[in-house]
Amino acid sequence: MSSSPPPSSAAASPSCPKKMIALRSSDGETFEIEEAAALQSKTLENMIDEDCAGTPIPLPNVTGKILAKVVEFCSKHAEPGVDDESLRAWDAEFVNVEQATVFDYILAANFLEIPTLLNLTCNVVADMIRGKTPDEIRKFFNIKSIFSPEEEEEVRRENHWAFE
Amino acid sequence: MDMFSVLTDALIITIISFLPFEEAARTSVLSRRWRDLWRSTANIEFDERFFVRDNVAVETQRVQRLEFINFIRCWPHEDTAELILRRFMLRMSKPCEFKCDVQMCISFAISRDVEVLELDFSDPTWDENDMENHEPEFDLPMQIGLPALESLTLFACSFNPALLINLRSLKHVSFGWIAVRMSTLNDLLRNSTCLESLRLKKCWNLEHLSIFERDLALKTLVIDNCNFHQECFAVEAPNLRSFKYSGSVGNFELLFTRHLEEAELDFGSESEFDESGGELLQTLLSSLDCARVLKVCSYILQVVPTGEEPLRMQSPLNVRHLILNTALHRDEYWGIAFFLKSCPFLETLTLQMSPPRIFPDYQPPFQFDPSRFWSGNIERLYRCVLRTLKVVEVKGFQGTVNETRLLRYLLYNGRAMQELKLYLSNEADGHGGDRSVYFQRAVFVMGFPKASPNAHVMII
């Protein structure tokens with residue numbers, strides 16, 4: 001029995017094979033992702049429309065390690081029937097990684113235009129900033145303040161209401 | 001290496017937009033790069049209270065207010081296509097003094113297609129408990145063309161009800177300090193079919209509360225000290241998860257489903273002991289019986305045992321987490337026992353210590369000796385205490401006799417107990433007691449005999 005691939009905007013039904021999209025990371029690894037999951041990325045959505053059938057889409061800005069996780073994220077978020085609470089819990093686990101990886105996710109989500117992942121990861125970084133003093137923030141993220149003491153004083157005066 | 005060096009300015013602005021406005025402003029001092037990025041935040045809070053302090057002279061406040069207005073006027077207004085504004089909040093008292101600026105702010109927010117709009121013109125000097133009806137401080141222009149608006153908060157700001165018709169994407173609505181008619185609410189519920197939460201704070205002119213829209217998507221309903229012509233509350237909300245009510249006791253007809261997760265009842269505004277109020281409260285509680293989290297006030301603790309069944313609810317409650325707003329004084333003992341007996345699956349008990357509410361004509365259902373009430377007679381061995389209660393928290397612990405009596409009882413009988421958390425009160429008790437005294441008393445509680453070998457006491 002053969003079935004033709006479903007039109008790209010329709011959800012795949014259990015009896016039809018789901019259309020798979022191939023992606024290639026910057027370091028040459030190939031990944032397969034279901035079309036429904038790939039559509040979470042506006043970038044991929046545009047590329048699929050102008051598709052040259054079958055050839056893996058090259059993503060020079062994303063390494064294999066990160067692309068694997070992004071595929072995982074998009075697949076999870078394309079799954080039908082997952083309730084809000086479980087998805088939130090899953091997301092929390094997904095971003096429970098070291099700082100540098102969260103930043104990699106942000107860049108990937110930005111490049112691939114995945115709003116859900118971008119919001120999730122940016123919020124995580126905001127959580128890391130929340131409640132810390134400027135010194136603590138600088139230390140945490142290794143930000144070098146090139147302000148002279150006078151400049152810093154001036155900025156504090158400018159926005160004094162936020163520091164009181 | 002600076003972790004943010006790999007991110008573009010736009011991405012940093014996206015991150016900053018998740019911070020509260022004050023914290024966003026504080027990022028200005030992190031480095032030269034960060035100095036002005038925060039001004040592109042998608043989350044704006046123009047809050048007078050950032051500038052105007054309440055512990056200074058009136059003259060100083062006037063100067064601070066002018067500084068606030070100046071701050072608003074100097075805010076970058078360029079209409080760049082990339083600059084998203086997701087949330088706009090304006091909070092100031094007496095907006096009539098700066099009408100033009102307020103109107104400009106509102107136009108600014110509308111022109112940027114905000115998703116969340118909050119206008120709070122209430123005055124911090126207004127008494128929270130005073131039911132006096134204040135004239136609205138501002139009148140919202142008829143047209144706010146914001147079809148994408150998801151969240152609207154209007155405090156002391158009147159509006160033409162027809163305005164709500166076009167706001168079909170509304171998910172969250174909060175009205176405060178204004179007159180609202182039931183017909184406006186019904187129109188809102190009918191038009192905004194995605195509405196998830198509705199909060200009414202200090203509203204008046206409501207005839208009663210009557211909510212019967214079909215397929216109501218509403219998940220949260222909060223009624224906070226509103227003034228109704230008739231205290232009748234009939235609500236059918238099959239998707240409701242959270243119900244909070246504070247005000248006077250009235251006639252409640254609530255049709256909720258097993259989706260209800262939490263309920264909070266606060267009848268603190270009642271000033272008299274109603275010896276026939278128990279029946280009404282028990283009926284109300286049974287309509288909330290699916291809730292996993294239940295918070296009740298001292299009035300309920302004192303009045304609920306006056307119903308026909310003074311010892312427990314006719315059918316058990318599903319409550320896993322019970323929060324009592326209490327002073328643990330003897331007039332509340334029967335009520336506390338009532339709830340312990342009615343919540344056979346209780347896992348967490350939170351005692352929020354508050355000043356005692358004494359009703360001069362309080363009558364207990366039976367004569368009793370307060371000093372022996374919690375002494376572990378067989379009547380006090382409740383299923384939840386023996387089998388399921390794991391965590392007890394005391395917020396504002398001072399170590400009074402009332403507190404220690406109950407805690408001794410819970411530790412002595414609580415076979416499943418794992419944690420007793422004592423959050424010390426930071427306030428002086430008027431008898432020379434302070435945090436160090438409370439600490440000593442908490443240490444004393446640590447030494448009480450415990451039924452559960454796993455139970456341990458934490459002092460916080």
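Note that the coordinates shown come from a computational prediction; the quantities given were computed from them, not determined experimentally. Letters A, B, ... are given to chains in the order of the sequence lines, protein chains preceding strands, and every chain is numbered from 1. Computation of the quantities below employed the complete heavy-atom set of this structure, encompassing side-chain atoms and omitting hydrogens, waters and symmetry-equivalent molecules.
Contact count versus chain A (heavy atoms, under 4.5 Å) is highest, among B:Leu11, B:Ile16, B:Thr14, for B:Leu11. Among B:Leu19, B:Ile12, B:Leu30, the residue making the largest number of heavy-atom pairs under 4.5 Å with chain A is B:Leu30. Highest contact tally toward chain B, considering only A:Val125, A:Leu118, A:Asp135, A:Val124, is held by A:Val125 [criterion: heavy-atom pairs under 4.5 Å]. Between chain B and the residues A:Glu154, A:Glu152, A:Glu151, the most heavy-atom pairs under 4.5 angstrom are made by A:Glu151.
A cation-pi geometry, defined here as NZ or CZ lying under 6.0 Å from the six-membered ring centre and within 45° of its normal, does not hold between B:Lys94 and B:Phe121.
Here the closest non-hydrogen pair linking A:Ile146 and B:Arg32 is O-NH2, 3.6 Å.
In this structure, A:Phe141 and B:Phe4 have tilted ring planes: the angle between them lies in the 30° to 60° band.
Electrostatic pairing of A:Lys42 and A:Glu113 does not count as a salt bridge here, judged by no charged N lying under 4.0 Å from a carboxylate O. The pair A:Glu93-A:Lys76 does not count as a salt bridge, with every side-chain nitrogen at least 4.0 angstrom from each carboxylate oxygen. No salt bridge links B:Glu23 with A:Lys132; every basic N to acidic carboxylate O contact stays at or beyond 4.0 Å. Taking the charged nitrogens against the carboxylate oxygens, A:Glu136 and A:Lys139 have no contact shorter than 4.0 Å, which rules out a salt bridge. Using a cutoff of 4.0 Å between basic side-chain nitrogens and carboxylate oxygens, A:Lys65 and A:Glu29 are not scored as salt-bridged.
Using a 4.5 Å cut-off between heavy atoms, B:Arg49 makes no contact with chain A at all. With a 4.5 angstrom heavy-atom cutoff, A:Asp127 does not touch chain B via any of its atoms. Both the backbone and the side chain of A:Asn123 come within contact range of chain B, judged by heavy atoms closer than 4.5 Å. Both the backbone and the side chain of B:Glu22 come within contact range of chain A, with heavy atoms under 4.5 Å apart.
Between B:Phe46 and B:Trp75, a ring centre-to-centre spacing shorter than 6.0 Å is recorded.
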Could you give me the CA-CA distance, side-chain angles and deciding distance for B:Glu45 and B:Arg87, then say whether salt bridge (charged side-chain N to carboxylate O under 4.0 Å, His left out) is met? CA-CA 8 Å; B:Glu45 293 169 37; B:Arg87 173 172 174 251; 3.1 Å; yes
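Residue-level contacts of residues 53-71 of chain B with chain A, in order of numbering, are B:Arg53, B:Glu67, B:Phe71; threshold 4.5 Å between heavy atoms.
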